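This report refers to the structure that appears directly beneath it.
Note that the coordinates shown come from a computational prediction; the quantities given were computed from them, not determined experimentally. Side chains are part of it too, since the values below use all heavy atoms of this structure and drop only hydrogens, waters and symmetry mates.
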Amino acid sequence: MAVTTQNLSSAAVRGVQWTTAATVLTAVMQIGYTAVMARLLDPAAFGLVAMAGVVLRFGSYFAEMGLGHALVQRAKIDAHDVRATFTASLGLGLAVAGIAWLGAPLAVLFLKNEAVVPLVRMQALGFIIVGLGATATSLLRREMRFEVIAKVEVAAYVLGYGGVGITLAMLGAGVWSLVAASLAQQFFAALLNYLVVRHSLRFIFDRAPYARLLGYGGRVSVVGFLEFINGNLDTLLIGRLLGSVLLGIYNRAYMLLYLPMYFLTNSLARVAFPAFSKIQDDLPRTRALYLTSSTLVATVVLPVCAGVAVAAPELVQVLLGPRWAASVPILRVLCLSIPLSMTTLFAGVVADARANLKQKTILNLEFMALLAGLFWGLKGYGLAGIAGAIGTGEVVRTFLYMRITHRDIGIPYGRLFAIYKPGVLNAAAVGLGLLAVATLVRPLHAPALVALLAQIAAGALVLGAVVLRWPSAELRPMLQQSLVRLRGLRQMPASAHPGLARYTAFLERRPSVSPVFETFDQPLAQ
């Protein structure tokens with residue numbers, strides 16, 4: 001059932017709740033999966049899969065041509081649009097899979113490793129699987145049925161990675177266990193989504209629905225392809241210049257931080273895209289939703305990354321093992337670049353929802369030129385140089401996205417910079433708290449797990465204290481809702497009610513809106 005304007009807010013809130021729950025659970029499972037597989041496989045296996053993944057992601061942006069994205073973004077669709085999306089998605093998936101199969105040997109010319117050829121050919125089957133399920137997934141997103149999407153994602157991950165991947169690794173399948181896990185996860189996700197939607201599987205070849213969808217979808221694919229190049233220059237250069245072993249070390253450090261952060265923020269972005277699409281012409285609501293969403297992400301991501309930077313030695317030893325100690329300095333450098341990348345997600349979502357794709361294309365071309373120059377200048381410093389180039393590039397890209405947002409929806413630069421204030425303050429508190437604990441624990445030579453748990457506990461206590469004592473304007477409504485629920489619980493001891501009442505009064509006495517988020521009824525710079 002389609003979501004109307006009246007229930008958009010409640011649908012978005014439920015969507016965020018479900019996607020956040022699913023992504024937190026998936027992130028936990030991803031950490032467990034990484035810990036298990038890192039002990040069953042050697043670094044070269046991860047490096048080879050990372051190389052093959054770069055080649056395959058090259059084609060993924062043309063395997064659907066943005067048709068699913070267009071299906072979500074359009075104000076109105078009909079049955080012909082759905083059939084056209086399915087027909088084109090499956091056809092393009094078959095075509096790209098065939099091209100990848102035939103062209104796999106060409107990957108050796110750049111990656112200098114013949115072992116990637118069979119991996120590319122096998123993983124190319126994923127284009128077909130994704131093509132079969134893309135339409136059902138897009139329809140669920142358009143209707144904001146995120147409860148269903150969340151349950152399917154968790155089930156597919158458990159069956160694919162937990163069931164197929166780990167089982168094959170334990171049986172000695174080596175690098176093929178990583179490939180099989182990815183394909184199995186895609187298959188289960190496509191199957192389960194279709195069983196919920198059951199859209200028409202009839203092909204259509206009328207020109208009209210394709211013209212409606214491809215105009216926007218084609219531009220989305222171009223932007224996505226440029227983002228793919230920018231996001232994978234590091235993998236391409238490390239694989240070619242430094243080899244698969246160092247690439248495996250870099251890849252595990254990157255994924256250890258990136259995947260949990262991406263899961264958390266992308267869950268919000270997936271809800272935000274259909275929500276922003278429905279209000280794309282209502283600038284006051286678009287501005288308010290953008291500022292609130294971005295501030296919440298920065299408030300959470302920045303302190304988490306600050307904690308990871310301090311606890312990196314124990315984190316790597318516990319989750320990956322002693323063989324991966326070389327990834328510690330890389331992980332610390334990435335703690336600057338990845339949170340900036342996460343906080344610019346919503347700027348990209350707004351550009352997509354408002355079809356502001358020309359400016360997004362220009363931004364990616366500028367970013368590509370900058371990264372190429374930074375990589376060239378810092379290549380002599382090895383992995384640390386590549387990570388430093390990424391960090392510097394992300395700082396610049398943040399400013400570029402601010403420019404787009406300012407021009408498109410008229411938010412002043414002062415308000416855009418203020419997005420980061422709560423997160424920076426929280427990050428400073430968490431970082432100092434963990435550093436104090438680490439300074440006390442490390443000289444005792446306690447087991448890495450004990451030291452890590454002590455730092456996690458300290459970070460959680462510090463972050464909780466800071467958030468509760470100085471909650472941002474965006475967090476206060478959530479805290480107030482939680483307090484209402486707590487006070488309504490029958491199991492809540494009577495002795496706790498006075499404290500909850502005092503804290504409720506404390507929240508109510510604070511200003512309802514911080515100066516940065518003053519009313520949008522006032523004119524904003526255009």
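Closest of all the heavy-atom pairs between Ala184 and Val164 is CB-CG2, 3.7 Å. The two residues Leu374 and Gly393 have their closest heavy-atom pair at CD1-N, 3.8 Å. Across all their heavy atoms, Pro339 and Leu302 have their closest contact at CB-CD2, 3.6 Å. In terms of heavy atoms, Phe188 sits closest to Gly160 at CD1-N, 4.1 Å. Nearest heavy-atom pair across Ser89 and Thr85 is OG-O, 2.7 Å. Nearest heavy-atom pair across Ala124 and Ala97 is O-CB, 3.4 Å.
Ring pair Tyr413/Phe417 is tilted by interplanar angle, where 30° to 60° counts as tilted.
Of the inter-residue distances, the one linking Thr361 atom OG1 with Glu366 atom CD reads 11.0 Å to the nearest 0.5 angstrom. Atoms CZ and NE2, from Arg415 and His406 in turn, are 11.5 Å apart once rounded to the nearest 0.5 Å. Once rounded to the nearest 0.5 Å, the distance linking CG of Leu416 with CE of Met402 reads 5.5 Å. Considering CG of Leu370 and CZ of Phe375, their distance stands at 9.5 Å, rounded to 0.5 Å. Here the straight-line distance linking atom NE2 of His199 with atom CG of Asn193 works out to 9.5 Å at 0.5 Å rounding. Atoms CG and OG, on Asp81 and Ser138 in that order, are 12.0 Å from each other to the nearest 0.5 Å.
Atom CE of Met122 has 12 or fewer heavy atoms from other residues, nucleotides or ligands within 6.0 Å.
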Trace of the side-chain contact (heavy atoms from CB on, under 4.5 Å) decision for Thr343 with Ile419: CA-CA 9 Å; Thr343 54; Ile419 286 171; 5.8 Å; no
Candidate pair Asp352 and Lys360, rule salt bridge (Lys or Arg N to Asp or Glu O under 4.0 Å), full reasoning: CA-CA 9 Å; Asp352 289 342; Lys360 199 173 179 183; 3.0 Å; yes
Run Arg332 and Val308 through side-chain contact (heavy atoms from CB on, under 4.5 Å) and show every step you take. CA-CA 7 Å; Arg332 283 175 164 162; Val308 170; over 6 Å; no
Take Thr137 and Glu153 through the side-chain contact (heavy atoms from CB on, under 4.5 Å) test and state the conclusion after the steps. CA-CA 11 Å; Thr137 304; Glu153 287 180 350; over 6 Å; no
If you apply the rule side-chain contact (heavy atoms from CB on, under 4.5 Å), what do you find for Ile149 with Arg141, and how did you get there? CA-CA 8 Å; Ile149 295 174; Arg141 291 181 63 205; 3.7 Å; yes
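Side-chain atoms of Gln73 never come within 3.5 Å of backbone atoms of Ala70 as a donor-acceptor pair (strictly under, hydrogens ignored). Remark: the backbone N or O of Ser341 is paired with a side-chain donor or acceptor of Thr344 at under 3.5 angstrom. Arg121 contributes a side-chain N or O that, together with a main-chain N or O of Trp101, makes up a donor-acceptor pair within less than 3.5 Å. No side-chain donor-acceptor contact under 3.5 Å links Arg397 to the backbone of Phe367. For Thr87 (side chain) and Ile204 (main-chain N/O), a donor-acceptor pair under 3.5 Å exists by modelled atom type. Side-chain atoms of Arg287 come within 3.5 Å of backbone N or O of Ile409 as a donor-acceptor pair. Not a single donor-acceptor pair under 3.5 Å links the side chain of Ser182 to the backbone N or O of Val179.
Checked against the 6.0 Å centroid criterion, the rings of Tyr290 and Phe346 do not qualify as a close aromatic pair. Annotation: Phe86 is not in aromatic contact with Tyr194 [ring centroid separation under 6.0 Å not met].
Residues Arg83 and Thr135 have side chains that never bring a donor and an acceptor to within less than 3.5 angstrom of each other. For the residue pair Tyr157 and Gln30, a side-chain donor N or O sits within less than 3.5 Å of a side-chain acceptor on the partner.
Under the 4.5 Å side-chain criterion, counting only non-hydrogen atoms from C-beta, Tyr420 is in contact with Thr398. Side chains of Gln186 and Leu125 form no contact here, defined as non-hydrogen atoms less than 4.5 Å apart. At least one side-chain heavy atom of Val350 sits less than 4.5 Å from a side-chain heavy atom of Asp408. Looking at Pro274 and Val72, their side chains come closer than 4.5 Å, going by heavy atoms from C-beta outward.
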